[in-house]
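Note sheet for the following structure.
We count residues from 1, following the sequence as given. Whatever order the structure lists ligands and atoms in, that order sets their numbers, starting from 1. Just so we're clear, the structure is a prediction, and the values are computed from it rather than from any experiment.
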Amino acid sequence: MAASVPLVLLIEDEPQMRRFLRATLRAHGYQVVEAGSAREGLAQVAGRNPEVILLDLGLPDRDGLEVTREIRRFATIPIIVISARGQEHDKVTALDLGADDYLTKPFGASELLARIRVALRHSASPPGTPPQPVFQVGELRVDLERRQVFRGTEEAHLTPTEYKLLAALIRHAGRVITHRQLLQEVWGPNYVGQSHYLRVYMAQLRHKLESDPARPRLLTTEPGVGYRLRDV
Ligand code: CA
């Protein structure tokens, strides 16, 4: 049997944007189903069972945040939110509500396709599956069983907190992770407002793992949102 073609659901009301998304996705071998409103979109999620959802935050009938919350009640399908500039706060809220990643308009085809590839890769191993024992990208290699970190052939010695932070980033590798999510996963729910912890520890990690900590290539900053660990 031929491998199935991934189905992408577009929930977006702007015809021009939909045209661009549809054309790009079809040209790259995806099947596309479309919805122009939140109501239609939610019906398609349940009815068509797509592999990835592209969700515009500015929909005519309901807020995209409500749609995210609603989808997360019954499905773990990756959600990539599409936001306009100036919707930074909504974007972060959507991620904290369980969206997987985001794209800010305007974005190009290669960015769109990269986000979808990462989302599909992650949904192939749903939450709860044991992680790969070794994570590797560029010069970085992390043995998650032995809790050992290497840069090239040299071992990098991380403090327990630095290691926890890196492990959290690895769990979300390729996708953005918000400040709030990181603080919660590494320090716990009482620390979600302590962004300065993150700045300090991220600087330490970069110092130990990046060849040029001032121009990070592995651990990148997503301004106003969070961080992303490259995974390819
Ligand atoms: Ca819109």
Measure up the H179 and Y227 rings against each other and bin them: parallel (under 30°), tilted (30 to 60°), perpendicular (over 60°).
perpendicular

Sequence-distant partners of E111, side-chain hydrogen bond (donor to acceptor under 3.5 Å, both in side chains), two or more places apart
none

Would [X] and [Y] pass as an ion pair if we require N to O under 4.0 Å?
X    : Y    : answer
R175 : D101 : no
K91  : E88  : yes
K105 : E14  : yes
R72  : D100 : yes

Is any protein N, O or S atom closer than 3.0 Å to the Ca ion (ligand 1), and if so, which?
D13 OD1, D56 OD2, G58 O

